[in-house]
Amino acid sequence: MPQWLQWSLIIAGVIAIVLLLVFIRRQMGLLSESRKRQAKTEAFQADRRKDMIRSVQVIAMAVEEDQIEYSEACLRLKGLLDHLAPDLLAQSPFRVFQEVHDRLQHMPTHRARQVTETKFVEKMDRERFEVEQTHADEIRRAATALRHHPFSPDTL
């Protein structure tokens with residue numbers, strides 16, 4: 001084999017090795033970056049879950065101390081539990097949050113309530129107060145149970 005061909009093959013091999021090393025280095029960088037992003041996302045989700053659990057406990061405590069309307073508490077707790085532990089909404093005593101939510105979800109809130117006719121709002125308020133009175137004991141018991149519930153450490 002001529003010497004020029006040997007040198008050509010050696011140079012081609014060195015170039016291939018260098019290109020493969022550059023490719024491997026780039027892929028390792030991308031993989032490292034992906035792992036960092038995933039760790040950051042998991043940390044964010046864990047923090048978010050802790051915040052939601054804390055919110056559930058604060059709302060439950062507010063219910064126990066009569067610092068919040070039961071209807072509002074049920075709506076908020078149902079929303080939080082949908083993300084934290086949706087299976088709880090089908091279990092006793094927590095089922096009451098779902099029941100109250102289902103009975104009140106058609107009512108206007110926030111800005112929609114402000115632009116709704118006064119007589120209709122008063123009618124909805126009477127209905128809401130009736131639902132609250134009907135389920136008051138259940139809501140308090142469920143709030144106490146929820147405040148002491150050990151949420152699993154799962155992430156969202």
Side-chain angles (χ1 to χ4, degrees), residues 17-156:
I17 291 171
V18 169
L19 289 175
L20 287 173
L21 287 174
V22 168
F23 177 76
I24 290 170
R25 173 104 168 112
R26 185 170 162 246
Q27 290 302 104
M28 286 177 56
L30 292 173
L31 183 60
S32 174
E33 190 177 311
S34 174
R35 285 183 182 150
K36 286 178 188 175
R37 270 195 311 265
Q38 184 176 359
K40 190 175 181 180
T41 299
E42 288 171 0
F44 173 78
Q45 288 177 339
D47 288 345
R48 183 172 175 229
R49 182 174 176 79
K50 286 177 191 172
D51 290 344
M52 284 195 284
I53 290 170
R54 181 71 185 133
S55 293
V56 164
Q57 292 169 340
V58 167
I59 294 169
M61 208 178 312
V63 168
E64 291 176 321
E65 296 175 10
D66 287 325
Q67 294 177 342
I68 189 173
E69 290 184 358
Y70 291 166
S71 56
E72 181 179 352
C74 289
L75 295 174
R76 290 178 184 268
L77 288 170
K78 194 267 185 198
L80 288 165
L81 290 175
D82 276 343
H83 296 286
L84 282 172
D87 55 309
L88 281 183
L89 291 170
Q91 299 173 12
S92 181
F94 312 113
R95 187 177 304 123
V96 70
F97 301 131
Q98 181 71 49
E99 291 171 11
V100 171
H101 174 270
D102 291 345
R103 293 202 44 202
L104 300 179
Q105 71 180 2
H106 70 282
M107 295 183 181
T109 59
H110 308 296
R111 186 169 284 158
R113 181 179 170 89
Q114 293 172 354
V115 298
T116 303
E117 186 179 325
T118 307
K119 287 185 180 185
F120 184 72
V121 170
E122 290 171 358
K123 179 184 174 211
M124 292 292 110
D125 284 346
R126 283 192 300 275
E127 183 181 339
R128 183 171 51 88
F129 292 140
E130 181 183 317
V131 169
E132 286 180 1
Q133 288 176 348
T134 303
H135 297 288
D137 291 335
E138 275 183 277
I139 293 169
R140 276 194 299 276
R141 279 193 300 272
T144 300
L146 192 57
R147 191 167 61 86
H148 297 290
H149 181 75
F151 287 95
S152 65
D154 300 338
T155 57
L156 293 172

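Computed from a predicted model, the values in this text were never measured in an experiment.
The closest side-chain heavy-atom distance from Y70 to V131 is not below 4.5 Å. K36 has its side chain out of reach of K40: every pair of non-hydrogen atoms, C-beta onward, lies at least 4.5 Å apart. Using a 4.5 Å cut-off on side-chain heavy atoms (C-beta onward), I59 and L80 make contact.
From R26, atom CZ reaches atom CG of L21 across 14.5 Å, with rounding to the nearest 0.5 Å. Taking CE of M52 as the start and NE2 of H83 as the end, the distance is 6.5 Å to the nearest 0.5 Å. Rounded to the nearest 0.5 Å, atoms CG (D47) and CZ (R49) are 12.5 Å apart.
Distance alone, capped at 3.5 Å, is enough to place a donor-acceptor pair between the R95 side chain and the A90 backbone. Formation of a donor-acceptor pair under 3.5 Å by the S32 side chain with backbone atoms of M28 is not found in this model. Between the S34 side chain and the L30 main chain, no donor and acceptor come within less than 3.5 Å of each other.
Of the candidates E132, H101, H135, S71 forms a side-chain hydrogen bond (donor to acceptor under 3.5 Å, both in side chains) with just one, namely E132. Screening L81, D82, V56 for a side chain to side chain contact (heavy atoms under 4.5 Å, CB included) involving L88 leaves a single residue, L81.
Within 6.0 Å of atom CD in Q38, 12 or fewer heavy atoms from other residues, nucleotides or ligands are found, so the atom counts as exposed in its surroundings. The environment of CZ in F129 is crowded: more than 12 heavy-atom neighbours from other residues, nucleotides or ligands sit within 6.0 Å. Heavy-atom contacts from other residues, nucleotides or ligands closer than 6.0 Å to CD of Q67 number more than 12.
Nearest heavy atom pair, residue L104 against residue R128, reads CD2-CA, 4.0 Å. The heavy-atom pair separating L84 from P86 by the smallest distance is C-CD, 3.9 Å.
A salt bridge does not link D51 to R54: none of the charged nitrogens lies less than 4.0 Å from a carboxylate oxygen.
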